Chemist: 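Please read through the structure below; I'll follow up with questions.
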Amino acid sequence: MGWSGGANPALAAAARSDSVTAVALVEPTMGSVMDEQERTAFGEAVGRMGELAAEGRLTDGVRAAAGFPFNDEEIAVADGAGYFEAAGRYVPNLLNVFRQLREHEGPTADDPALLSAISTPVLVIHGADTKPFWIRSAQHVADHGPNARIQQIPGAGHAAPLTHPAALAEALAAFLAPSRETA
């Protein structure tokens with residue numbers, strides 16, 4: 001299971017392992033489907049996060065980067081839930097991951113060959129009110145994963161785990177229950 005960029009390691013593990021019985025993704029980040037404007041906005045958000053992190057302002061850094069995936073309402077919910085304070089401690093690791101991804105020369109999780117190697121069922125969840133990039137990302141996984149399907153959460157955006165936890169839990173439970181029975 002993975003959310004946003006955390007979906008990519010889940011996909012890679014499923015492509016390389018016969019012991020994975022199901023994969024659930026919440027708005028996976030498929031960089032290959034970013035348009036130029038999105039790529040620029042993402043780069044600016046990560047750059048700002050890096051500047052704030054260099055000043056020791058990790059919480060402000062993650063809040064600044066959240067402007068790329070989250071809308072204003074989601075930012076308010078995340079702020080109220082303490083998400084930015086909790087996620088701030090991971091900013092140095094996140095910046096390191098972004099650096100490694102820029103330098104990586106091999107296949108990535110959005111590679112159609114990797115996605116087509118996943119034989120297990122894959123559920124790709126996205127919010128009905130999310131930004132177009134995550135809808136394209138979900139469709140990319142579904143188009144290339146032989147057993148992948150998409151499910152929308154009405155009213156949700158990229159921050160569905162924070163804004164729509166009950167609907168997300170219901171979708172995950174319904175999808176994963178058959179996998180537990182056969183495992």
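Quantities reported herein were computed from a predicted structural model and do not represent experimental measurements.
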Chemist: List the residues meeting side-chain contact (heavy atoms from CB on, under 4.5 Å) with Leu168, not counting sequence neighbours, and say none if there are none.
Modeler: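 With neighbours one apart ignored, the set is Val26, Ile125, Ile153, Pro161, Leu172.
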Chemist: Would a single hydrophobic cluster contain both Val20 and Met1, if residues Ile, Leu, Val, Met, Phe, Trp and Tyr are joined by side-chain heavy-atom contacts under 4.5 Å?
Modeler: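 Both belong to a single hydrophobic cluster.
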Chemist: Tell me the closest heavy-atom pair linking Gly155 and Ala128, and the distance in Å.
Modeler: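 Smallest heavy-atom distance, with atoms named: N-CB, 4.0 Å.
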Chemist: Begin with the C-alpha distance, continue with both residues' side-chain angles, and end with the deciding distance and a verdict on side chain to side chain contact (heavy atoms under 4.5 Å, CB included) for Val77 and Thr163.
Modeler: CA-CA 7 Å; Val77 169; Thr163 61; 3.9 Å; yes
Chemist: For Gly2 versus Ala10, what's the shortest heavy-atom pair and its separation?
Modeler: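 Looking at all heavy atoms of both residues, the closest pair is N-CB, 4.3 Å.
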Chemist: What distance separates Asp60 CG from Phe84 CZ, expressed to the nearest 0.5 Å?
Modeler: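 Here the rounded value is 10.5 Å.
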Chemist: Show the nearest heavy-atom pair for residues Ala142 and Ala148, with the distance to one decimal.
Modeler: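 Taking every non-hydrogen atom into account, CA-CB, 3.7 Å.
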Chemist: Do Phe175 and Pro121 touch side chain to side chain, with heavy atoms closer than 4.5 Å?
Modeler: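 Phe175 vs Pro121: side chains touch.
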Chemist: Kindly compute the distance separating CG (Asp110) from CG (Leu114), expressed to the nearest 0.5 Å.
Modeler: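 Separation between the atoms: 9.0 Å.
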Chemist: Taking atom CZ of Arg99 and atom CG of Asn96, what is their separation to the nearest 0.5 Å?
Modeler: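 Separation between the atoms: 4.5 Å.
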Chemist: Can you tell if the side chain of Leu115 reaches within under 4.5 Å of the side chain of Asp111, non-hydrogen atoms only?
Modeler: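 In short, these two side chains do not touch, never coming nearer than 4.5 Å.
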Chemist: Would you say Asn71 and Glu74 make side-chain contact, with heavy atoms under 4.5 Å?
Modeler: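 Yes - at least one pair of side-chain heavy atoms lies under 4.5 Å apart.
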Chemist: Consider only side-chain heavy atoms of I, L, V, M, F, W and Y, link residues closer than 4.5 Å, and tell whether Leu95 and Leu52 are in one cluster.
Modeler: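 Different clusters.
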Chemist: Could you tell me which non-hydrogen atom of Pro69 sits nearest to which non-hydrogen atom of Ala65, and how far apart they are?
Modeler: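 Closest approach of Pro69 to Ala65, heavy atoms only: CD-O, 3.2 Å.
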Chemist: Under 4.5 Å between any side-chain heavy atoms of Arg63 and Glu85, yes or no?
Modeler: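 The answer is yes; the side chains approach within 4.5 Å.
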Chemist: Are the side chains of Val91 and Met49 in touch, meaning some heavy atoms are under 4.5 Å apart?
Modeler: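 Answer yes - side chains close enough.
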Chemist: State, with a plain yes or no, whether a side-chain heavy atom of Gln139 is found less than 4.5 Å away from one of Ile150.
Modeler: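 A side-chain contact exists here, since the closest heavy-atom pair is under 4.5 Å.
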Chemist: Are Val141 and Ile135 joined in one hydrophobic group, where the rule is that I, L, V, M, F, W and Y side chains link up if heavy atoms are under 4.5 Å apart?
Modeler: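 Val141 and Ile135: separate clusters.
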Chemist: Is it the case that Glu27 and His126 place a side-chain donor and acceptor less than 3.5 Å from each other?
Modeler: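 Side-chain D/A pair, Glu27 to His126: absent.
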Chemist: Check Met30 against Ala109 and note the closest heavy-atom contact, atom names and distance.
Modeler: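 Met30 and Ala109 have their closest heavy atoms at SD-O, 4.2 Å.
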Chemist: Which atom pair, heavy atoms only, marks the closest approach of Gln151 to Ala171?
Modeler: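 For Gln151 versus Ala171, the nearest heavy atoms are NE2-CB, 3.4 Å.
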Chemist: Got Phe133 and Thr29 here, is their nearest side-chain heavy-atom distance under 4.5 Å?
Modeler: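 Sidechains of Thr29 and Phe133: in contact.
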Chemist: For a 4.5 angstrom cut-off between non-hydrogen side-chain atoms, does His140 reach Ser32?
Modeler: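 Yes, close enough: below the 4.5 Å cut-off.
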Chemist: Please round to the nearest 0.5 Å and tell me the distance separating atom CG of Leu25 and atom CG of Asn8.
Modeler: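 Taking CG in Leu25 and CG in Asn8, the distance rounds to 8.5 Å.
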Chemist: So, Ser17 side chain and Ser19 main chain: donor-acceptor pair closer than 3.5 Å or not?
Modeler: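 Side chain of Ser17 to backbone of Ser19, a donor-acceptor pair under 3.5 Å: yes, one is there.
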Chemist: Name all residues meeting the salt bridge (charged side-chain N to carboxylate O under 4.0 Å, His left out) criterion together with Glu73; count only those two or more places apart in sequence or in a different chain, and write none if there are none.
Modeler: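 Glu73: no salt bridge (charged side-chain N to carboxylate O under 4.0 Å, His left out) contacts found.
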Chemist: Between Asp129 (side chain) and Gly157 (backbone), is there a donor-acceptor pair under 3.5 Å?
Modeler: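 Not at all, since once roles are kept as given, no pair shorter than 3.5 Å links the two residues.
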Chemist: Thr120 and Thr21: side-chain donor and acceptor closer than 3.5 Å?
Modeler: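 Checked: Thr120/Thr21 side chains show no N/O donor-acceptor pair below 3.5 Å.
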Chemist: Would you say CD of Gln37 has more than 12 non-hydrogen atoms from neighbouring residues, nucleotides or ligands within 6.0 angstrom?
Modeler: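 Not more than 12 within 6.0 Å, no.
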Chemist: Nearest 0.5 Å please: distance from the CG atom of Leu123 over to the CG atom of Leu176.
Modeler: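 Answer rounded to 0.5 Å: 8.0 Å.
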Chemist: Determine yes or no for a side-chain-to-main-chain donor-acceptor pair under 3.5 angstrom, with Thr59 supplying the side chain and Gly88 the backbone.
Modeler: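 A pair under 3.5 Å: no.
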Chemist: For the NE2 atom of His158 and the CH2 atom of Trp3, what is their distance to the nearest 0.5 Å?
Modeler: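 It comes to 6.0 Å.
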Chemist: Taking Glu44 first and then Arg39, would you say they form a salt bridge - that is, a charged N and a carboxylate O separated by under 4.0 Å?
Modeler: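 No, no charged N to carboxylate O under 4.0 Å.
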Chemist: Between Trp134 and Phe70, does the ring centroid distance fall short of 6.0 Å?
Modeler: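 Trp134 vs Phe70: aromatic centres not under 6.0 Å.
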Chemist: Do the charged groups of Glu38 and Arg136 touch, with an N to O distance under 4.0 Å?
Modeler: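 Salt bridge present between Glu38 and Arg136.
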